[in-house]
Number of protein chains: 2
Amino acid sequence: MALEHAILVSLLEKPGSGYELARRFERSIGYFWTATHQQIYRVLKRMEADGRLDVREVPQQGRPDKKEYSVAAPGRAALSQWLHEPIEPESVRHDLAVKIRGAAFDDPAALIREVERHHRAHSDRLAHYLAGELRDFTGPEAPGTSGTPGPPDAGQELQHVVLRGGIAYERMTLAWLDDVLATLHRLGAGH
Amino acid sequence: MALEHAILVSLLEKPGSGYELARRFERSIGYFWTATHQQIYRVLKRMEADGRLDVREVPQQGRPDKKEYSVAAPGRAALSQWLHEPIEPESVRHDLAVKIRGAAFDDPAALIREVERHHRAHSDRLAHYLAGELRDFTGPEAPGTSGTPGPPDAGQELQHVVLRGGIAYERMTLAWLDDVLATLHRLGAGH
DNA sequence: CTTGTCTATGAAACGAGTTGCATAGAAGGA
DNA sequence: TCCTTCTATGCAACTCGTTTCATAGACAAG
């Protein structure tokens, strides 16, 4: 059910259409929750039918009209309720780990290319996150250069701590993939 | 489709019944791939029908009989083929991150308890992994005390590197949760 | 003028995952 | 004796997620 909640959070941060949401799920929100446009349109329709969202037809020039969704009062209440419920610490689903253990029954060295591909993908993500951090969180928050005096915005702070989590995750993953590569090379050499 | 492959790997490591697999998915394999007994029984049935697994009825005393599954030749071939196919780097699904961003529209301080719960859960997991590492990987591999001369077993090495990944993940998560807690406290204090 | 890309939405089918329920013998404790 | 826990397997219903396909106007490149 968490897709609903991710959509509520995203629409509270900024109202938008299904299409726009789909693109946010490729970027910021998508760093910790993925969804395709199919899922999004389906859930938006259901949430609107349930009265959790309001819709507004927005005509546009030079491109198709869009439906802009925003959070209605019941939606906000549903989010608030969910925030106060405990959730289970996430269960991991890591295909690559299955492959690594499976490699014992095949050729371990054949996995090296694959692991290197993953290493590159995580490198790219890390660079992407770091660029985002520099862009969104170092300007107004840098001490002394503050344009907003007083305590920084809670939403900003919370988005930043989530992004720091993404950065820590990618760094940890890269170090582990180095470990995996070293292990695979060692096994290949002894073979 | 990766549940099939996780089952193949687990059955190659050691044949067993659906019940036994379900318990492995609460422990070793479950560290990076979760599955309930429902999923497992359903998939085992399908894989047997497809000829990827062999079954053997094993009568037992003092407990119900069981069906012991083992990997048949086509199953091994299917696994081998999958190992040579590239997979996408996993997409993350992190409920807690959604909650943290959502807290900007509710009471951030109310999340502290929840984050502390997660911290304890991850602490427990880390302790569990470290105990497993000590038990399974430090005895025969400690230099000088080697009971097995020559190169260590590839399966052991690969299981160990996956476990090291789990340990690194838990350590990173704990550090991040500390960061989250500090941020929530800061926001609560400024409020 | 055709091909491709971007915005924008959606149906249909299928496969994966969750939840609740049901059965049943054996062992152990209150 | 009853209650719970453990072993062991399974059905049914439902929700969630993925893949494929379809539509359609605007715009740019070749």
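Chain identifiers are assigned alphabetically (A, B, ...) following the order of the sequence lines, protein sequences preceding nucleic acid strands; residue numbering begins at 1 within each chain. Any value given below was found using the heavy atoms of this structure, including those in side chains, with hydrogens, waters and symmetry copies removed.
- To the nearest angstrom, P of D:dA8 lies 12 Å from CD of B:E57.
- Listed nucleotides D:dG17, D:dC11, C:dT9 differ in distance to B:K45; the shortest reach to its side chain belongs to D:dC11.
- Under the 3.5 Å distance criterion, the side-chain polar atoms of B:H185 are matched with a main-chain donor or acceptor of B:L181.
- Regarding A:K66, its NZ atom lies at a distance of 17 Å from the P atom of D:dA26, rounded to whole Å.
- Taking only side-chain atoms of B:Y41, from C-beta outward, the nucleotide of D:dA8, D:dG17, C:dG17 with the closest atom is D:dA8.
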B:R101 and A:E13: CA distance, side-chain angles, deciding distance, salt bridge (Lys or Arg N to Asp or Glu O under 4.0 Å) verdict: CA-CA 9 Å; B:R101 271 177 82 147; A:E13 286 174 358; 2.8 Å; yes

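- Toward the 5′ end of DNA chain D lies the nearest nucleotide of B:G18, the other residue of the pair B:G18 and A:Q39 mapping further downstream.
- Dashed line: the shortest gap from a side-chain N or O of A:Q60 to OP1 or OP2 of C:dT7 is not under 4.0 Å.
- Of the possible polar contacts, one joining the B:E114 side chain to the A:I87 backbone as a donor-acceptor pair under 3.5 Å is found.
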For a salt bridge (Lys or Arg N to Asp or Glu O under 4.0 Å) check, start with the C-alpha distance between B:E4 and B:R52, then their side-chain angles and the critical distance, and finish with the verdict. CA-CA 10 Å; B:E4 282 198 26; B:R52 291 189 185 152; 2.8 Å; yes

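- Note: CG (B:L21) to C1' (D:dT9) measures 13 Å, nearest angstrom.
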Considering only nitrogen or oxygen atoms on both sides, find all protein atoms under 3.5 Å from nucleotides 2-6 of chain D and state each distance.
none

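- Taking the centre of each ring, B:W176 and B:H94 come in below the 6.0 Å mark.
- In this structure, B:H118 has no ring pair (Phe, Tyr, Trp, His ring centres under 6.0 Å) partners at least two apart in sequence or on a different chain.
- Between A:F137 and A:H160, the ring planes are parallel. Angles under 30° get that label, and only those over 60° would be called perpendicular.
- With rounding to whole Å, A:L44 atom CG is found 9 Å from C:dT9 atom P.
- The CZ atom of A:R24 sits 12 Å away from the P atom of C:dA8 (whole-angstrom rounding).
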Set out, in order, the CA-CA distance, both residues' side-chain angles and the distance that settles side-chain contact (heavy atoms from CB on, under 4.5 Å) for A:R46 and A:R42, then state yes or no. CA-CA 6 Å; A:R46 191 181 64 212; A:R42 193 207 280 144; 5.5 Å; no

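- Spacing between atom CZ of A:F25 and atom P of D:dC16 amounts to 14 Å, rounded to whole angstrom units.
- Ring pair A:Y31/A:Y129 is tilted by interplanar angle, where 30° to 60° counts as tilted.
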Starting from the C-alpha separation in whole Å, work towards a yes-or-no answer on side-chain hydrogen bond (donor to acceptor under 3.5 Å, both in side chains) for A:S70 and A:D54. CA-CA 5 Å; A:S70 52; A:D54 291 325; 4.6 Å; no

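- Here the P atom of nucleotide D:dA8 and the CD1 atom of B:I40 are 14 Å apart, to the nearest Å.
- Between B:R63 and D:dA8, a side-chain N or O to OP1/OP2 separation shorter than 4.0 Å is present.
- Mapping A:P64 and A:A35 onto DNA chain D via the closest heavy atom, the residue that lands nearer the 5' end is A:A35.
- Note on B:S17: only backbone sugar-phosphate atoms sit closer than 4.0 angstrom, heavy atoms only; bases stay farther off.
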Pairs: protein N or O with nucleotides 19-23 of chain C N or O, under 3.5 Å:
from   : atom 1 : to    : atom 2 : distance (Å)
C:dG20 : O6     : B:Q38 : NE2    : 2.9

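- One atom, CD of A:E4, and another, P of D:dC16, lie 7 Å apart when rounded to the nearest Å.
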